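Atom set for the values below is all heavy atoms of this structure, side chains included, hydrogens, waters and symmetry mates excluded. Since we're looking at a predicted model, the values are computed, not measured.
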Amino acid sequence: MSSAVPSLRPYLMMVAAYSFGFGLYATSNIVFLTTVVGLDSGIIGLGLAAGAFSGLIAAVPTGRLADRFGHRRTLLILRIAQALLFASYPFIDGRTAFFVVAVLLGGVLAAGMPVNRAVLSEFVPPRERVKAQAKGRTMFNIGISVGSAAGGLAIAGGTRTAFVALLLIGAGSSLLAAYLVTRLPRGEHGPSKDSRSPARPAALRAPGFLAITAVSGVLALNAAVIDVGLPLIVVRAAHVPDWTVAGFVLLNTALVVVFQVRTARGTESVRGAARASRLGGLAVVVGCTFLLVVRDGLPLVVTLGLLLAGVLAVTVAELFCSAGSWGVSNALAPEDKQGDYFATFALGFGTAQVVGPPLMVYVVEAGPPGWTVLAAVFLVAAVAYPAVARYAERGLTRTDSSEPALSGPRG
């Protein structure tokens, strides 16, 4: 019953502290590296890519360790490590130091996401987890928005002192998040008591789970449409003011904050989660259709209308794909292997983060044919999602006896 659910306030406070610090870092790190350290954009891009690949490599082993040694303990260590790496940024004096920090930080940030989900699962009952994650996502967006705004004000100063202060405040916020990990409610679900070390993680031995991870990763590419595709479209459309990018991104963020919890309703089962993901995938197809029409020569009001329609459609996709991915991974992950399964599932999202930016560059450069191919990919993933989710559920029900997956009503 909902009355038995522990308060989420400590968890949401932890998310707010973490996201505020991350917002400060995300706003300032590239500007700091270029204007203060003097690194060129090519080196920075290569270092960030190395960090992204580091995250793909580190996530699953860290998730397995968390299952064995404790989710809270692991998350505490990761948050402290993140704070130390943020604090080390002012000491970067060249490309070598930058690459070391970027690789370590990429691994820490990527490993922290699935472990954070596993910690939440320890004190939130299965039927309430998607709702709790939606609330956490809402708080994350608020925190990162406030952190980014504060970072923007500091960047306006343009001095090394301002950047150092910004990064140290981000480190302090991460330390606060680490402290708040210790204040989270206790629950009945803990790490696995089985001390045996299998040759491969359980999630990587489940073909169905890997399949739903891959399809979810394809749908996760929707984030790149707004993060990368939209700015490129605006830059290429000479008659569209550049500031409209900020307005569209702000609209996207505001809509996610307002509607994420509502769109998560009914996604607690595999059936409901698959339905939401399918709807989200179809919404991206609609968004791509609007965006492929944008071209030079159209009246400004028509172009802005098409961009607005595309952003709204992709925002709907983000809302439902996020809720669907939480629901299906929660329903399929055994209670004693939460870290392993969530980390494996996060590989799809992590791959989308690596592949998405260069893919969107190609799509925008290709024009309508590129958008058409991208829409077709999303369409195939959306239509296939329910069948792949059922396949994953059947496979895990047969092979994993720790806890059956949550099935939705068939009637």
Side-chain angles (χ1 to χ4, degrees), residues 1-20 22-23 113-114 116-148 177 180 184-185 187 216 219-220 222-223 226-227 248-284 287 311-333 338 342 345-346 349 385 389 406 408-409:
M1 298 176 59
S2 59
S3 59
V5 179
S7 171
L8 284 177
R9 183 175 299 175
Y11 174 76
L12 295 178
M13 291 175 61
M14 181 198 71
V15 172
Y18 164 78
S19 58
F20 176 76
F22 182 78
M113 290 188 291
N116 182 80
R117 290 189 62 188
V119 170
L120 182 66
S121 296
E122 289 185 358
F123 64 89
V124 176
R127 289 287 179 183
E128 298 291 332
R129 287 174 186 169
V130 177
K131 181 179 180 181
Q133 286 172 255
K135 290 182 177 180
R137 171 72 178 280
T138 299
M139 182 58 72
F140 177 85
N141 278 311
I142 294 173
I144 200 170
S145 297
V146 175
S148 298
L180 291 172
L184 295 176
S216 298
L219 293 184
N222 74 80
I226 288 182
D227 293 343
F248 286 132
V249 171
L250 180 61
L251 174 63
N252 167 262
T253 302
L255 291 175
V256 171
V257 168
V258 173
F259 292 108
Q260 186 66 83
V261 175
R262 300 181 193 181
T263 52
R265 294 171 184 167
T267 60
E268 297 82 6
S269 67
V270 171
R271 186 183 180 90
R275 187 165 50 242
S277 292
R278 179 178 59 190
L279 177 59
L282 294 175
V284 192
V311 168
L312 291 176
V314 177
T315 300
V316 170
E318 179 182 351
L319 289 166
F320 282 100
C321 287
S322 295
S325 68
W326 299 330
V328 76
S329 55
N330 279 331
L332 295 176
Q338 297 271 299
F342 290 155
F345 192 80
F349 176 75
Y385 202 99
L406 298 174

Engineer: Considering all heavy atoms of both residues, which atom of V15 and which atom of F140 are nearest to each other, and what is their separation?
Structural biologist: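 Between these two residues, the closest heavy atoms are CG1-N, 3.7 Å.
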
Engineer: Closer than 3.5 angstrom, by distance alone: can the side chain of N330 be matched with the main-chain N or O of W326 as a donor-acceptor pair?
Structural biologist: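 Side chain of N330 to backbone of W326, a donor-acceptor pair under 3.5 Å: yes, one is there.
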
Engineer: Distance from L184 atom CG to F123 atom CZ, nearest 0.5 Å?
Structural biologist: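 It comes to 5.0 Å.
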
Engineer: Other residues, nucleotides and ligands only: do more than 12 of their heavy atoms fall within 6.0 Å of CZ on F349?
Structural biologist: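 At most 12 heavy atoms, drawn from other residues, nucleotides or ligands, come within 6.0 Å of this atom.
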
Engineer: When rounded to the nearest 0.5 angstrom, what is the spacing between OG in S145 and CG in L250?
Structural biologist: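 Going from OG on S145 over to CG on L250, the span is 7.5 Å.
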
Engineer: If you take all heavy atoms of A323 and V130, which pair is closest and at what distance?
Structural biologist: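 Scanning both residues, the minimum pair turns out to be O-CG1, 4.2 Å.
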
Engineer: How many angstroms lie between atom OG of S121 and atom CD of E128, to the nearest 0.5 angstrom?
Structural biologist: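 Answer for the OG-CD pair, S121 versus E128, is 12.5 Å.
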
Engineer: Carefully, step by step, assess F345 and S216 under the rule side-chain contact (heavy atoms from CB on, under 4.5 Å).
Structural biologist: CA-CA 8 Å; F345 192 80; S216 298; 3.4 Å; yes

Engineer: Is the closest side-chain heavy-atom distance between R117 and P114 below 4.5 Å?
Structural biologist: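 When only atoms from C-beta onward are counted, P114 and R117 do not touch, as no gap falls below 4.5 Å.
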
Engineer: Quick one: are Y385 and V328 in side-chain contact, heavy atoms under 4.5 Å?
Structural biologist: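 Yes - at least one pair of side-chain heavy atoms lies under 4.5 Å apart.
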
Engineer: Grab the two heavy atoms, one from V270 and one from A331, that are nearest each other, plus how far apart they are.
Structural biologist: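 What the structure gives for the nearest pair is CG2-CB, 3.7 Å.
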
Engineer: Tell me, yes or no, whether the heavy-atom count around M13 atom CE, taken from other residues, nucleotides or ligands under 6.0 Å, exceeds 12.
Structural biologist: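 Incorrect, the count does not exceed 12.
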
Engineer: Determine yes or no for a side-chain-to-main-chain donor-acceptor pair under 3.5 angstrom, with S19 supplying the side chain and A16 the backbone.
Structural biologist: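 Yes; at least one donor-acceptor contact below 3.5 Å.
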
Engineer: I need the R265 CZ to K131 NZ distance, nearest 0.5 Å.
Structural biologist: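 It is 7.5 Å, given to the nearest 0.5 Å.
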
Engineer: Taking the side chain as everything from C-beta on, heavy atoms only, tell me whether L312 gets closer than 4.5 Å to L251.
Structural biologist: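 Side-chain contact under 4.5 Å: yes.
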
Engineer: Find out whether T315 and I226 are in side-chain contact, i.e. whether some heavy atom of one side chain is under 4.5 Å from a heavy atom of the other.
Structural biologist: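 Result yes, sub-4.5 Å side-chain heavy-atom pair found.
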
Engineer: Output the distance between atom CG (L282) and atom CZ (F320), rounded to the nearest 0.5 Å.
Structural biologist: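 Interatomic distance, L282 CG to F320 CZ, rounded to 0.5 Å: 11.5 Å.
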
Engineer: Does a side chain donor of either Q260 or T138 reach within less than 3.5 Å of an acceptor in the other side chain?
Structural biologist: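 There is no such pair between these side chains.
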
Engineer: Check whether R129 reaches the backbone of V124 with its side chain - one donor and one acceptor, N or O, closer than 3.5 Å.
Structural biologist: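 Yes.
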
Engineer: Could you verify whether a donor N or O on one side chain and an acceptor N or O on the other, from N141 and T253, lie under 3.5 Å apart?
Structural biologist: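 T253 and N141 do not have a side-chain donor-acceptor pair below 3.5 Å.
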
Engineer: Check whether any side-chain N or O of N222 sits under 3.5 Å from a backbone N or O of L219 as a donor-acceptor pair, and report yes or no.
Structural biologist: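 Yes.
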
Engineer: How long is the span from the OH atom in Y18 to the CG atom in N116, to the nearest 0.5 Å?
Structural biologist: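 If we round to the nearest 0.5 Å, Y18:OH and N116:CG are 8.0 Å apart.
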
Engineer: What pair of heavy atoms forms the shortest contact from A333 to Q338, and how long is it?
Structural biologist: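 Result for this residue pair: O-NE2, 3.3 Å.
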
Engineer: Would you check if S322 and R137 make a side-chain contact, meaning some heavy-atom pair closer than 4.5 Å?
Structural biologist: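 Yes, their side chains come closer than 4.5 Å.
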
Engineer: Mind listing the closest non-hydrogen atom pair of G327 and A273 along with its distance?
Structural biologist: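 Heavy-atom minimum between the residues: C-CB, 3.7 Å.
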
Engineer: Which heavy atom of G281 sits nearest to which heavy atom of C321, and what is that distance?
Structural biologist: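 Looking at all heavy atoms of both residues, the closest pair is N-SG, 3.8 Å.
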
Engineer: Using the side-chain contact (heavy atoms from CB on, under 4.5 Å) rule, take N252 and F248 through it: C-alpha gap first, then chi angles, then the decisive distance, then the call.
Structural biologist: CA-CA 6 Å; N252 167 262; F248 286 132; over 6 Å; no

